[in-house]
Amino acid sequence: MPQAYAKTRISPSDLTFGWGGCRRCFWIRYAHGVSHQGPFPGIVTSLSAKQEAYYKDKHSHDFSPTLPSGTVHSTGKMLESTPIIVDGQATPFTLGGKYDFLLQYDTGNYGIIDTKVVSKGDKAEFYWPQLAAYDYILANPKQGESRTCETLGLLVWEIRNVAPGAADEYHVGFNAAYEPVEVNPTKFASFIAEVVTVLMGPMPDAAEKCANCGYFNQRSQLGH
């Protein structure tokens, strides 16, 4: 176990793409602050800004008629949790990240929606750790009052078509679908306890098909 960690605030998205990819790379990122930063498509940032602007004043039923009645409370706000408790002991780690949409329902409860530009269908289980982490943060905030999440879900945009407009303008059409994600704090408590226990232990083995670990192993064999 490292004497000090380079990073102690666990990003919700890392629980999907990092922990779910290679635990050795995940461990190194938090223990030593070393990670592979691949290119982040600028179009994602642009689309996210457009989505926030369009939906910020909408009713919850504009996302999906299956949701309870409510409105958008806020968008794109950074949150952080209190220290994560494992076996009754506070650890050095917290959860922290920026949600896309926080809905406030007429019941007084809340809902988190994360937007994705991907193909539709069966994404709920893959993104569950990320959404469940936001639920945990709302229930255990570093600042402010605890809030109860009634729903978690994905707003999935899938490109449908492209059509020419006037002059050099083009119009891109999207299909939109809401995918509910399981709300299960007990399940997430067990999940995050496993994550933190691994972080506080020795460096784990690499995932069998980790491209990063495979690349560095092969490169090190070539010497300098």
Side-chain angles (χ1 to χ4, degrees), residues 8-16 19 47-86 88 90-91 93-118 120-157 174-196:
T8 57
R9 188 174 68 189
I10 301 172
S11 168
S13 60
D14 278 349
L15 298 177
T16 290
W19 177 261
L47 280 173
S48 294
K50 297 294 185 184
Q51 288 172 324
E52 287 186 12
Y54 177 77
Y55 284 105
K56 68 177 183 178
D57 296 320
K58 299 295 184 181
H59 192 274
S60 58
H61 292 166
D62 291 314
F63 292 90
S64 172
T66 64
L67 290 171
S69 177
T71 56
V72 175
H73 175 278
S74 52
T75 64
K77 185 176 180 180
M78 178 67 72
L79 298 176
E80 186 175 0
S81 75
T82 54
I84 297 167
I85 305 296
V86 177
T91 71
F93 296 97
T94 64
L95 283 162
K98 185 188 295 185
Y99 57 73
D100 288 338
F101 292 96
L102 178 65
L103 306 183
Q104 184 169 17
Y105 298 127
D106 298 345
T107 60
N109 292 333
Y110 293 82
I112 288 284
I113 293 181
D114 202 62
T115 57
K116 305 293 181 187
V117 182
V118 292
K120 293 185 297 182
D122 299 329
K123 299 294 188 298
E125 185 62 27
F126 179 74
Y127 287 106
W128 173 80
Q130 181 179 354
L131 273 293
Y134 292 126
D135 179 22
Y136 181 95
I137 297 169
L138 286 172
N140 303 276
K142 185 176 182 179
Q143 296 180 336
E145 296 182 357
S146 175
R147 288 176 280 192
T148 300
C149 261
E150 188 173 342
T151 67
L152 300 171
L154 302 170
L155 180 66
V156 178
W157 280 20
F174 293 87
N175 292 316
Y178 176 79
E179 295 187 26
V181 173
E182 180 185 15
V183 179
N184 191 333
T186 301
K187 176 182 175 182
F188 183 77
S190 297
F191 171 86
I192 198 62
E194 179 186 4
V195 171
V196 170

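Heavy-atom basis, side chains included; hydrogens, waters and symmetry copies ignored.
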Out of Arg9, Lys142, Glu80, which one pairs with Thr94 under the side chain to side chain donor-acceptor pair (under 3.5 Å) rule? Glu80
With rounding to the nearest 0.5 angstrom, report the OG to NE2 distance, Ser60 to His73. 14.0 Å
With a distance cut-off below 6.0 Å to the six-membered ring centre and an angular limit of 45° from the axis, does Lys50 pair with Trp157 as a cation-pi contact? no
Enter the distance from Gln51:CD to Asp100:CG here, rounded to the nearest 0.5 Å. 7.5 Å
Does a side-chain heavy-atom distance below 4.5 Å link Leu138 with Leu102? yes
Side-chain touch Leu47/Phe174, heavy atoms, less than 4.5 angstrom: yes
What distance separates Ile112 CD1 from Gln130 CD, expressed to the nearest 0.5 Å? 10.5 Å
Run Leu79 and Arg147 through side-chain contact (heavy atoms from CB on, under 4.5 Å) and show every step you take. CA-CA 12 Å; Leu79 298 176; Arg147 288 176 280 192; 4.3 Å; yes
Examine the side chains of Tyr105 and Thr151 and answer whether a donor and an acceptor come within less than 3.5 Å of each other. yes
Can you tell me how far NZ of Lys116 sits from CG of Leu155, rounded to the nearest 0.5 angstrom? 11.0 Å
Taken to the nearest 0.5 Å, the spacing of Phe63 CZ from Ile113 CD1 works out to 4.5 Å
Going by the angle between their ring planes, with limits at 30° and 60°, are Trp128 and Phe188 parallel, tilted or perpendicular? perpendicular
Can you tell me how far apart OH (Tyr54) and OG1 (Thr75) are? Round to the nearest 0.5 Å. 15.0 Å
Do Lys187 and Glu182 meet the salt-bridge criterion of a basic N to acidic O distance under 4.0 Å? yes
Shortest non-hydrogen pair, Ala90 vs Pro83, comes out as CB-CB, 4.3 Å
